[in-house]
Each structure stands twice: as C-alpha cells, then as structure tokens.
Amino acid sequence: MLKSFDIYNQNNVLKIIVALNLLLVGTGSLLYTNRLINKLEDREKQYVQLYSKSIAYLFDTSHADAGDLTFVTSEILEANSSIPAIYVNPDNQIAMKRNIDVPDDYTPEETERFLRQKIADMRKNHMPLPVEIGNGERGLVYYNNSNLLRQLNYFPYALLTILAALSVLAYLAFSSSRRAEQNRVWVGLAKETAHQLGTPMSSLMAWVEYMRSDPDQFDGSITDEIEKDVQRLETITARFSSIGSIPTLKEENVNDVVRQFTDYLARRISTKVKMSVTSQLPPGQLIRINKLLFEWVIENICKNAVDAMKGVGELRLNMVLLPHDEVAIDITDTGKGISKANIQKVFSPGFSTKKRGWGLGLTLAKRIVEEYHNGRLYVKSSEVGKGTTFRIVLNRK
Ligand SMILES: Nc1ncnc2c1ncn2[C@@H]1O[C@H](COP(=O)(O)OP(=O)(O)O)[C@@H](O)[C@H]1O
Ligand SMILES: [Mg+2]
C-alpha cells in the first residue's frame with residue numbers, strides 16, 4: 001500500500017491552469033496572425049492586380065490618345081513601395097522592377113541573372129499575373145510578399161518561442177520556491193522538535209540523579225537502564241537540532257566511525273541478522289562528516305535493510321576507495337529487494353510500503369548526504385527477492 005503526502009501536490013491544479021492558459025494564448029495568437037496574414041495577402045494580391053492593369057494601360061498602344069490618364073497609372077506604379085514585383089514583357093524581357101535591391105556593382109549580365117533568380121523564387125510563392133497589352137500579346141507580373149508580410153509570417157514562431165521560454169522560466173522559479181518551502185518545513189520541524197524535547201529531558205536527567213542518590217529505594221540497574229534511554233533521547237534531540245542548523249563537519253576516521261556505530265546498532269537489532277563490516281580503505285582514512293548526522297544515515301539505511309529482511313538475513317557494510325578521491329560505503333542486505341519502478345521513488349518524501357512507515361527515512365538520509373556533506377546516496381543495485389545495496393559516496397579529505 002502506498003501513502004503519499006498531498007501538501008505539495010495541490011499546486012498541480014494551478015500548474016494545469018497555467019499550462020492551459022499558455023496553450024490558449026499560443027493557439028489564439030497563431031490563429032489570429034494567420035487570419036491577418038491571409039487578409040494582407042489578399043490585399044497585396046489586389047494591389048498587384050491593380051499594378052498589372054496599370055502596366056497594361058501604359059504599354060497598350062491601342063489607346064494612345066488617352067495620354068491624360070497615364071499620370072494615374074504612373075502614380076499607382078510609384079505607390080507600390082513595399083511589394084517586390086517584376087514585369088516581364090511579351091518578348092520575355094525584364095521591362096520593369098519594383099522594390100528589388102540589385103547590388104550596385106553588378107554588371108548587366110549579373111543583374112539579369114539575379115533578377116531571373118528572383119523570378120524563380122517569386123513563382124514558388126505566387127502565380128504571376130497576366131498583363132494584356134492588346135493585339136493578343138501578354139506579359140507577366142511576378143511578385144512576392146512584402147517585407148511586412150514576411151515578418152508577420154515569423155511572428156507566431158517568435159511568439160511561441162518566447163512563450164515556451166517564459167513557461168520554462170516560470171516552472172523553474174515555481175519549483176525552486178517549492179523546494180525552498182520544503183526546506184523551511186524540514187528545518188523548522190527539526191528545530192522545533194529539538195527545542196520541545198529539551199525541557200522534559202533535563203527534567204528526566206534530574207530524576208535519574210535523584211534515583212541514583214537513593215539506592216535503597218531505587219534499584220541501581222533500573223536507574224542505569226533509564227539513564228541509557230535518556231542518553232538515547234539526547235542523541236535524537238542532538239540530531240534534530242543539528243539538522244535544523246548548518247551542521248559543522250569534522251575530520252573523522254571513517255573506519256572507526258562505521259565500526260563503532262554498527263557495533264552499537266548490532267546490539268539493538270535482531271540476533272538473527274548477521275552483521276559484518278569490511279573495509280578496503282587505508283586504516284587511517286579520514287573524511288569530513290558530521291558524526292551525529294552520518295550515523296543517522298547509516299541507522300536509517302540499516303533499519304530499512306532489517307525491515308526488508310523481516311529480521312532474518314545478512315547485513316553487510318563494505319567500504320571502498322573510488323577514483324576521484326571518493327569513499328563509498330555500501331550497505332547490502334538479503335531482503336525483499338526493490339522493484340525497478342520503485343527504485344526512483346524510495347527517496348521521495350512520503351513513499352513507504354510499510355504499514356507504519358512515514359516514508360521519510362531515506363528522504364532525510366539523502367538530504368543529509370547530499371546537501372550537508374556534498375556526497376551522493378543511491379540504490380547501487382537491487383533484485384526483487386534477493387536483496388539491495390545502497391551506496392553512500394563521500395569526498396575523501
Ligand atoms: N533495503 C531495502 N530493501 C527493500 N526496500 C527498501 C529498502 N530500503 C527502503 N526500501 C523501500 O523504500 C521505502 C521508503 O523507505 P523510508 O524512506 O526509510 O521510509 P519507511 O522506512 O518509513 O517506509 C520503504 O517503505 C521500502 O519500500
Ligand atoms: Mg525507513
């Protein structure tokens with residue numbers, strides 16, 4: 001059975017709303033500019049038709065007497081200041097061009113080749129318009145989209161790119177603020193717990209002292225047991241208070257720390273779990289750690305291992321040197337293993353397959369290793385029914 005906290009998932013609805021809005025704005029502007037482009041194209045076509053008619057009028061010899069109208073047509077011809085157009089006369093000669101920049105240093109042959117290339121390009125976009133100049137002769141006007149229209153064509157893509165970039169930025173900002181919030185929850189909870197435990201614990205210590213001072217009334221061995229429990233509580237409190245502040249790292253002998261702590265753990269877990277520690281590290285190998293928190297990590301992983309083996313099996317800790325000045329501590333169990341699908345999930349807060357699990361142990365362990373020690377914690381290998389190896393990697397001094 002899986003359990004999961006929902007406090008961080010409520011924002012999913014918001015995310016979907018934002019994403020839908022972006023999609024709406026994106027497609028909306030795409031459709032709108034598309035309509036605009038179509039309209040402009042129509043207008044430009046109409047304009048070129050007018051332009052062709054003017055050319056026809058100018059070149060048509062059958063109304064030579066109507067010279068008084070040529071000024072209108074030449075006005076129209078001049079007015080086209082944005083649509084590139086080329087008029088090819090019935091003899092297939094380039095007779096007129098508008099809004100086409102031919103480089104100054106071109107020879108007539110180069111210019112001709114340049115314009116013919118332009119005509120080929122134009123033909124790809126628009127059918128040329130016929131120009132009837134009488135006697136059954138006809139020329140052709142080739143044209144292309146104006147600069148404005150061409151730019152407008154790129155606009156939706158530019159807009160979509162900007163929108164995409166914005167949503168990525170928004171997402172990053174969003175998730176980093178979420179992470180910051182999670183951090184505040186962790187740290188706050190830890191500090192508060194440590195703080196609250198302080199008072200009852202000093203009072204417990206005072207009771208222990210009191211009991212010790214009256215050995216007639218209180219059995220010494222019971223007092224010892226209670227004192228051990230109080231000490232254990234003190235360790236827990238110290239852990240909580242160190243995770244709530246920036247922990248101090250100290251150089252420690254990794255072999256000693258791991259051995260001492262596993263000895264301590266071994267006394268606390270089922271005797272049916274065979275625990276062993278091996279090391280390929282140099283005997284004096286130092287690493288910079290916060291001992292309290294590091295032990296907490298080992299404890300969390302080992303407890304999970306014991307759970308996975310249902311209290312019977314083998315728990316092996318092995319330390320090896322890695323290239324790039326790193327030390328690995330491998331913790332291997334012969335438990336039920338983790339399925340491929342769950343390997344990604346075991347470190348997420350709230351993920352637990354246990355009846356009474358909170359699913360925070362590995363989250364905390366990962367946080368301690370990665371954020372406080374700059375190391376790595378991951379499942380090195382796992383096979384369902386066979387067992388699992390967790391690996392802690394820390395920098396060697
Ligand atoms: N050694 C292991 N073998 C198999 N499953 C494991 C092991 N360690 C962790 N898991 C899985 O990861 C889950 C999360 O572990 P943890 O964060 O410590 O939370 P909890 O112990 O409260 O369930 C466990 O419920 C278990 O399903
Ligand atoms: Mg656990």
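In what follows, residues are counted from 1 in the order of the sequence shown. We count ligands from 1, going down the list as the structure has it; atoms in each ligand are counted the same way. Below, all heavy atoms of this structure are taken into account, side chains as well, without hydrogens, waters or symmetry copies.
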Practice task
Determine whether N342 and F351 make a side-chain contact, defined as any pair of heavy atoms from C-beta on separated by less than 4.5 Å.
Solution key: yes
Exercise for the section: Report yes if some heavy atom in the side chain of P130 is under 4.5 Å from a heavy atom in the side chain of E132; otherwise report no. Expected result: yes
Problem - salt_bridge(E109, R113) N-O dist < 4.0 Å - result: no
Handout entry: Side chain, backbone, both or neither: the part of D333 lying under 4.0 Å from ligand 1 by heavy atom
Key = side chain
Handout entry: Contact (N/O only, under 3.5 Å) between L362 and ligand 1
Key = yes
Exercise for the section: Give the residue, atom name and distance (to 0.1 Å) of the protein heavy atom nearest atom 18 (O) of ligand 1. Expected result: N304 ND2, 2.7 Å
Exercise for the section: Using only heavy-atom distances, determine whether the side chains of R35 and N38 contain a donor-acceptor pair under 3.5 Å. Expected result: no
Handout entry: Charged N-O contact under 4.0 Å between K124 and D121
Key = yes
Practice task
Mark up the atoms of ligand 1 that fall under 4.0 Å of a heavy atom belonging to S352, in ascending order.
Solution key: 20 (P), 22 (O), 23 (O), 25 (O)
Practice task
Ignoring hydrogens and angles, state whether a donor on the side chain of T332 or D330 is under 3.5 Å from an acceptor on the partner side chain.
Solution key: no
Problem - Distance from atom 11 (C) of ligand 1 to nearest protein heavy atom, with residue and atom - result: V346 CG1, 3.7 Å
Exercise for the section: Could you tell me which atoms of ligand 1, counted from 1 in the order shown, lie closer than 4.0 angstrom to a heavy atom of G359? Expected result: 17 (O), 19 (O), 20 (P), 22 (O)
Exercise for the section: Tell me which protein heavy atom sits closest to atom 5 (N) of ligand 1, plus the residue, atom name and distance to 0.1 Å. Expected result: I338 CG1, 3.4 Å
Problem - Nearest non-hydrogen protein atom, atom 14 (C) of ligand 1 - result: F351 O, 3.2 Å
Handout entry: Separation between CG of D325 and CG of L394, rounded to the nearest 0.5 Å
Key = 13.0 Å
Practice task
Find all atoms of ligand 1 within a distance of less than 4.0 Å from any non-hydrogen atom belonging to T353, and give their numbers and elements.
Solution key: 24 (C), 25 (O), 26 (C), 27 (O)
Handout entry: Heavy-atom gap G337 to ligand 1 smaller than 4.0 Å
Key = yes
Practice task
Assign the ring pair F240 / W296 to parallel, tilted or perpendicular, where the plane angle (0 to 90°) is split at 30° and 60°.
Solution key: tilted
Handout entry: Cationic N near anionic O, under 4.0 Å, E299 to K303
Key = yes
Practice task
Tell me whether N304 has at least one N, O or S atom under 2.8 Å from the Mg ion (ligand 2).
Solution key: yes
Practice task
Examine K354 against ligand 1 and note whether any of their N/O atoms are separated by less than 3.5 Å.
Solution key: yes
Problem - Between Y157 and Y154, ring centroids under 6.0 Å - result: no
Exercise for the section: Return yes or no for this condition: an N or O of A308 is under 3.5 Å from an N or O of ligand 1. Expected result: no
Practice task
Give the contacting part of F347 toward ligand 1: side chain, backbone, both or neither, where contact means a heavy-atom distance below 4.0 Å.
Solution key: neither
Problem - Distance filter under 4.0 Å to T388 heavy atoms, resulting ligand 1 atoms - result: 3 (N)
Problem - Lys/Arg N to Asp/Glu carboxylate O, E225 vs K228, below 4.0 Å - result: yes
Fill in the blank from the handout: In ligand 1, the atoms that come under 4.0 Å of a heavy atom of F390 are 1 (N), 7 (C), 8 (N)
Problem - ligand 1 atoms in contact with G357 (distance to a heavy atom under 4.0 Å) - result: 22 (O)
